[in-house]
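Notes follow the structure.
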Amino acid sequence: MTAASIDGRAAAAALRERLAHVADFFHASTGRQAGLATVLVGEDPASGVYVRAKGKATREAGMQSFSHQLPADTREGDLLDLVAKLNADDHVDGILVQLPLPAQIDSARVIDAIAPDKDVDGFHVVNTGRLAVGAEALVPCTPLGCVHLLTQQLGDLSGLEAVVIGRSNIVGKPMAMLLLGESCTVTIAHSRTRDLPAVVRRADIVVAAVGRPEMVRGDWIKPGATVIDVGINRVPANDGKTRLVGDVAFDEVARVAGAITPVPGGVGPMTIAMLLRNTLVAAHRRAGLNLPEGL
Ligand code: GUN
């Protein structure tokens, strides 16, 4: 391995420590803790793990966590009623409805119902639009985490060639917008892209967010490139158990790249740290307070 391994756990821990100070200051200034409401519908084990981790991190940062769990057969109208209640609750600064939702619920309608100033996932079309035009927005957590790791590793990203593989609303598209905001030359590649390896070979920065285990190979990578792996895929291991791998063939790519995020321990921890950050950003804006330096 020649590439530096980008330590997302360390970066997230450092950020969370700073955010805890900001949360204390918010509490002292306003007389209340910033609050994040999470909503989990159904029993999906992976979603349950994620939502509990988000609640724990919220409390550890000195914020209030309101967790709502609804049965898998919840009707869309009942979920919309809960969202309306959370929108109106002054103690709630951020609302996160964990996706995916059960089939009887239209996710787009639910996301649309969240007050844009409490939309800490940054999924509402108002925030998507604000990000696109460069206005003040709440920005999706995973892409924010990726940019944090990239600027920490590389400093100024201006002028670099970035290839984002994947065009989802949650990662690919906002990632491309953020990189454009950093003055990168941005390409979004996807399942219909012709000669994907050749496109990726142009990149100084590769962000892989496709959900296909170890798809990005070593011979796709320009020597010295920085590779950010957003994928979290569970695959069979040799011992009959399972293991987590990213969208990048780590060992191969690490022989060529300049720096690479591991899975686990790369982008994943940054996503939760950025959720805490977005909750504090929302809390400050709602309270009419200036955001502290560096938030
Ligand atoms: N499901 C997987 N990732 C996410 C996320 O970032 N936010 C929400 N709300 N649901 C998810």
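We count ligands from 1, going down the list as the structure has it; atoms in each ligand are counted the same way.
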Nearest neighbour of atom 6 (O) of ligand 1 from the list Asp121, Asp119, Leu275, on a heavy-atom basis =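 Considering heavy atoms of Asp121, Asp119, Leu275, the nearest to atom 6 (O) of ligand 1 sits in Asp121.
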
For atom 1 (N) of ligand 1, the protein heavy atom that lies nearest, with its residue and separation =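 Looking only at protein heavy atoms, the one closest to atom 1 (N) of ligand 1 is Leu99 O, 2.9 Å.
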
So, the side chain of Ser168 versus the backbone of Val171: is there a donor-acceptor pair under 3.5 Å, distance only?
->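 Checked: pair present.
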
N/O of Gln98 under 3.5 Å from N/O of ligand 1, yes or no?
->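 N/O-N/O distance below 3.5 Å exists for this pair.
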
Looking at ligand 1, does any of its N/O atoms fall within less than 3.5 Å of an N/O of Val97?
->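 By distance alone, the answer is yes.
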
How far apart are the C-alpha atoms of Val207 and Ile165, what are their side-chain angles, what is the distance that settles it, and do they pass the side-chain contact (heavy atoms from CB on, under 4.5 Å) test?
-> CA-CA 6 Å; Val207 180; Ile165 315 172; over 6 Å; no

Going by the atom numbers of ligand 1, which of them fall below 4.0 Å from some non-hydrogen atom of Leu96?
->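 Ligand 1 atoms under the 4.0 Å threshold to Leu96: 9 (N).
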
If you draw a 6.0 Å radius around CZ in Arg217, do more than 12 non-hydrogen atoms from other residues or ligands fall strictly inside?
->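 More than 12 within 6.0 Å, yes.
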
Taking Asp93 as the fixed residue, which of Lys118, Arg285, Arg286 is the one that meets the side-chain hydrogen bond (donor to acceptor under 3.5 Å, both in side chains) rule?
->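 When Lys118, Arg285, Arg286 are each tested with Asp93, the side-chain hydrogen bond (donor to acceptor under 3.5 Å, both in side chains) holds only for Arg286.
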
Out of Asp229, Ile221, Val206, which one pairs with Val253 under the side-chain contact (heavy atoms from CB on, under 4.5 Å) rule?
->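 Going through the options one by one, the only one that passes is Ile221.
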
Would you call Phe123 a ligand 1 contact, heavy-atom distance under 4.0 Å?
->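 Right, Phe123 reaches ligand 1.
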
